[in-house]
Amino acid sequence: MKPWGGRFREAAHPAAERFTASLSFDRRLWAHDLRASEAWAGALERAGLLSPAELAEILNGLAEVRREFEDGSFPFRPELEDLHMNVERRLQEKIGAVGGKLHTGRSRNDQIAVDERLYLKDAVTRILAGLTAVQSALIDRAADTLDAPMPGYTHLQRAQPILLAHHLLAYVFMLERDRERFDACRVRADVLPLGAGALAGTAFPIDREALARDLGFRAVTQNSLDAVSDRDYLIEFLAAGAIAGMHGSRLAADLTLWATAEFGFVEFHDEFATGSSMMPQKKNPDVAELIRGKSGRLYGNLVALLTTMKGLPLSYNADMQEDKEPFFDSVDTLEAIAGVLPPLIRSLSFDTRRMREAAGADFSTATDLADYLVRKGLPFRQAHEVVGRIVRSAIDAGKRLDDLALDDLRRFSALFEKDALDAVSVEASLRARAVIGGTAPGSVKDALALARRLLGA
Ligand code: ARG
């Protein structure tokens with residue numbers, strides 16, 4: 001019999017029962033559900049609704065239930081629909097009728113909201129640690145490749161030389177924003193909905209602020225309808241997860257590209273590569289590809305919950321039970337990505353010689369030649385035009401920029417002097433970009449130190 005059986009003449013149709021059950025996925029909230037129930041029992045006792053002896057009985061009963069979850073002996077009964085009713089029924093089996101007092105003044109609507117917020121706070125803590133581990137791997141690789149140049153790209157065309165460390169640190173700063181987003185989401189989620197009851201607020205004199213302190217929330221919700229209807233905290237989490245997934249995907253895309261024979265900038269360690277069932281020679285970057293691929297489900301989970309919530313009238317609606325699978329899937333996906341990326345990054349072998357050669361090819365320092373003319377007083381637009389013509393004639397002559405002699409340059413502008421030839425070296429190009437956030441070795445060293453400080457904080 002269901003906890004609400006009194007009002008019904010007929011039992012649920014088995015298909016309806018199967019269809020509404022959430023136990024298969026909400027069971028993972030058990031630890032948070034028990035924690036919230038223990039605190040609720042304490043609040044009931046303080047409100048005079050449980051005697052101290054009854055409170056003790058309920059806490060003992062909940063402790064027994066907890067042990068069953070821990071040792072795997074908890075008897076899950078999907079016909080009891082969800083985790084909350086499974087726990088409550090089990091408690092009553094353990095301690096009898098007094099177990100039926102636990103749900104006083106409480107609804108599964110405020111119960112699920114508190115469970116999810118508690119779960120989210122723990123999940124964010126783990127994900128922040130995971131993101132930090134990825135950042136730290138990137139920082140270490142940046143530190144040990146600190147003076148290795150590579151071509152920087154725009155439009156996937158060689159553009160200007162950069163340092164490999166600069167490229168790696170770009171991801172560290174992206175992930176720093178991800179950490180900020182997750183952290184902000186955790187702060188906003190850190191508000192207690194319990195005491196909202198089904199929708200209108202509990203009718204018993206519960207000290208919600210004391211309850212919030214018990215459960216480690218920084219505040220209590222100020223509107224009971226909002227408290228049971230709100231899933232913003234999950235949506236923000238999923239949004240932060242989608243963005244972090246996009247960053248992981250771009251990193252994976254860079255690495256898979258660099259690992260092609262055409263680039264040849266990096267080789268994945270055997271431990272993070274796979275073979276082909278047919279082609280004996282293949283070494284495939286499946287791990288990186290799946291990091292890229294899993295961004296799809298992170299986006300999908302966000303869109304799924306946004307769509308579920310859109311147009312729902314206040315307050316709680318059963319639709320909202322659909323919030324859990326996308327949420328848990330994003331938690332799992334993010335943890336999986338954050339688990340595999342650090343060792344993958346640490347095991348990459350960069351071909352810095354090949355990167356260095358590529359860095360100076362394809363006229364990648366043409367901007368520096370134009371900048372040289374600017375320093376001699378030529379307006380940049382004219383300098384751009386002059387160097388454009390130099391590049392075109394070098395292409396026609398089958399030459400590189402650093403093959404040109406001073407005389408070749410002077411045919412295009414009398415402003416060129418001997419030091420013009422130095423300006424087009426990869427090192428000079430790098431050195432010139434000494435602004436904060438630029439790719440000059442000194443700037444990158446500063447950025448590296450800053451990145452380390454961010455992780456320390
Ligand atoms: N299993 C439900 C959920 O996940 C808990 C709240 C249910 N309330 C209800 N009246 N069906 O959303």
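Atoms within a ligand are numbered from 1 in the order they appear, just like the ligands themselves. Values below: all heavy atoms of this structure, side chains included; hydrogens, waters and symmetry mates excluded.
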What do you reckon, is CD of Glu209 surrounded by more than 12 foreign heavy atoms closer than 6.0 Å? no

Under a 3.5 Å cutoff, is there a donor and acceptor pairing between the side chains of Ser37 and Arg106? yes

According to salt bridge (charged side-chain N to carboxylate O under 4.0 Å, His left out), who are the partners of Arg77, at least two apart in sequence or on a separate chain? Glu93

For atom NZ of Lys94, decide whether the heavy atoms of other residues, nucleotides or ligands shown that lie under 6.0 angstrom number more than 12. yes

More than 12 non-hydrogen atoms from neighbouring residues, nucleotides or ligands closer than 6.0 Å to CD on Glu322, yes or no? no

Between ligand 1 and the protein, which N/O pairs fall short of 3.5 Å?
{"from": "ligand 1", "atom 1": "1 (N)", "to": "Asp82", "atom 2": "OD2", "distance (Å)": "3.0"}
{"from": "ligand 1", "atom 1": "1 (N)", "to": "Gln321", "atom 2": "OE1", "distance (Å)": "2.9"}
{"from": "ligand 1", "atom 1": "4 (O)", "to": "Lys324", "atom 2": "NZ", "distance (Å)": "2.6"}
{"from": "ligand 1", "atom 1": "8 (N)", "to": "Asn109", "atom 2": "OD1", "distance (Å)": "2.9"}
{"from": "ligand 1", "atom 1": "12 (O)", "to": "Tyr316", "atom 2": "OH", "distance (Å)": "2.4"}

Distance-only side-chain donor-acceptor flag, Arg179 / Thr132, under 3.5 Å: yes

